[in-house]
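Single-structure report; data block below.
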Amino acid sequence: MDKKKTVLMLGAGIIISLALTVLAYNWLQEKAQAMQNLETQLVAVAKTDMPWATVLTRDMVATVPYLKKSLAGGYISDPSAVAGRTLLYPIKAGEPIFESKLSPTAMKGGGVAAVISPQRRAMAVKVDKIVGVAGFIHPGNRVDVLVTLSQLGKVSTPVTKTVLENVLVLTVGPEVETTGKQERPAPVDVITLEVTPGEGEKLALAATEGKLQLALRNLSDSEQVITRGTTIPTLLASFNKSDQPAKRPARRAAVKETPNHGVSVQLIKGSKSTELKFN
């Protein structure tokens, strides 16, 4: 009887030990999985907001730990790997820098040249605050270019015409130029546009011969509209029409109606006499 109790107690101990071992193993597995999920990776991020076409330096980049499991592919962990490369897209402060946002390594130091599309050119035009839509034009926007010419051929008639449509703005920045005898610096805004070679010729001629004006477009509006241009007579066409005196309607000649007296006939029947009237 004592032997039976001993065997039962030994068996129960073995079963309890196995159960505790399985529980401990599962607990350790869960802990290891949790530690693996919390594993971090240093990632290169931007220190400040930077527009596209910015050539990065080591001082512009910092490293921040990110959960390795939450990171997408293409991240950069070594800040020195981005030095000299150009941003293809704007980036915010603290945002990770991915390979997809940088120019190829073979184009280090490219600047604006790295963001120009194939078969396109970058042209810079000087504008003032009014022409630049009071500072509302930023890189990545699209604009129409209007030019006002003071003379059209042999006729000195000012004309305004839209010469370029849906043009991409590459960069917007101030430039300092000297004016006057005292060489005082005056800030001038320079806007760099992405154009085709043919559009570049139009833009160069318009900037040389006339005054430029930029019209900001909606980002989703790519429709091209052909305009005939506007001259002063066209602009004041409605004014000239309203200035002319209105014509009075012609009076109709009055027709004089002659009175119709009719005809009266006296009818005598026996001793009775009756008068009949006919119109």
Side-chain angles (χ1 to χ4, degrees), residues 49-54 86-90 103 110-177 179 186-244:
D49 296 349
M50 290 181 285
W52 67 348
T54 301
T86 304
L87 283 175
L88 299 180
Y89 303 94
S103 62
V112 176
V115 299
I116 301 175
S117 304
Q119 310 300 324
R120 298 273 177 166
R121 308 290 187 267
M123 287 192 65
V125 292
K126 292 183 179 181
V127 297
D128 54 26
K129 289 295 184 183
I130 298 176
V131 173
V133 196
F136 287 105
I137 295 180
H138 303 286
N141 291 154
R142 290 189 173 270
V143 296
D144 291 345
V145 181
L146 292 80
V147 61
T148 300
L149 300 171
S150 58
Q151 184 172 352
L152 183 61
K154 296 181 179 180
V155 182
S156 58
T157 301
V159 60
T160 299
K161 180 74 172 67
T162 300
V163 292
L164 297 177
E165 291 188 77
N166 202 28
V167 181
L168 177 64
V169 178
L170 293 176
T171 62
V172 176
E175 183 181 273
V176 177
E177 66 174 12
T179 58
V188 177
D189 283 346
V190 176
I191 295 181
T192 305
L193 304 176
E194 185 186 71
V195 295
T196 63
E199 291 173 340
E201 293 173 352
K202 292 182 180 179
L203 183 60
L205 181 61
T208 304
E209 298 296 331
K211 182 178 180 181
L212 295 181
Q213 186 81 26
L214 302 182
L216 184 62
R217 295 181 69 113
N218 188 297
L219 292 175
S220 61
D221 181 13
S222 59
E223 181 183 0
Q224 290 189 348
V225 180
I226 300 176
T227 61
R228 299 180 60 183
T230 300
T231 59
I232 293 179
T234 305
L235 183 65
L236 301 179
S238 59
F239 172 77
N240 292 334
K241 289 181 180 179
S242 62
D243 193 34
Q244 295 177 358

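As a basis for the values below, the full set of heavy atoms in this structure was taken, side chains included, without hydrogen atoms, waters or symmetry mates.
For Pro139, the side chain to side chain contact (heavy atoms under 4.5 Å, CB included) partners two or more places apart in sequence, or in a different chain, are Trp52, Val172. Annotation: side chain to side chain contact (heavy atoms under 4.5 Å, CB included) contacts of Ala207 (sequence neighbours excluded): Leu212. In this view, Glu209 and Leu149, Leu205 satisfy the side chain to side chain contact (heavy atoms under 4.5 Å, CB included) rule, not counting sequence neighbours. Every residue two or more places apart in sequence or in another chain was checked for a side-chain hydrogen bond (donor to acceptor under 3.5 Å, both in side chains) with Thr230, and none qualifies. Not counting sequence neighbours, the partners of Met123 by the side chain to side chain contact (heavy atoms under 4.5 Å, CB included) test are Val195, Leu203, Ala204. Here Thr208 pairs with nothing under the side-chain hydrogen bond (donor to acceptor under 3.5 Å, both in side chains) rule; sequence neighbours left out. Taking the salt bridge (charged side-chain N to carboxylate O under 4.0 Å, His left out) definition, one finds that Glu194 meets it with nothing, sequence neighbours left out. Scored by the salt bridge (charged side-chain N to carboxylate O under 4.0 Å, His left out) test, Arg142 finds no partners at all (sequence neighbours excluded). With sequence neighbours excluded, no residue forms a side-chain hydrogen bond (donor to acceptor under 3.5 Å, both in side chains) with Asn141. With sequence neighbours excluded, no residue forms a side-chain hydrogen bond (donor to acceptor under 3.5 Å, both in side chains) with Ser222.
Of all heavy-atom pairs between Val147 and Gly210, the closest is CG2-CA, 4.0 Å. Ala215 and Leu146 get closest at one heavy-atom pair: CB-CD1, 4.0 Å. Here the closest heavy-atom approach between residue Leu168 and residue Gly140 is recorded as CD1-O, 3.8 Å.
By the 4.5 Å heavy-atom criterion applied to side chains, Leu164 and Lys202 are counted as neighbours. Val167 has its side chain out of reach of Leu214: every pair of non-hydrogen atoms, C-beta onward, lies at least 4.5 Å apart.
Side chain of Lys161 to backbone of Thr227: a donor-acceptor contact under 3.5 angstrom is found.
For residues 212-222, the pairs satisfying salt bridge (charged side-chain N to carboxylate O under 4.0 Å, His left out) are Asp144-Arg217, Glu165-Arg217, Arg217-Asp221, with sequence neighbours left out. Sequence neighbours left out, the pairs with a member in residues 114-123 that pass salt bridge (charged side-chain N to carboxylate O under 4.0 Å, His left out) are Arg120-Glu199.
Rounding to the nearest 0.5 Å places NZ of Lys211 at 10.0 Å from OG1 of Thr160.
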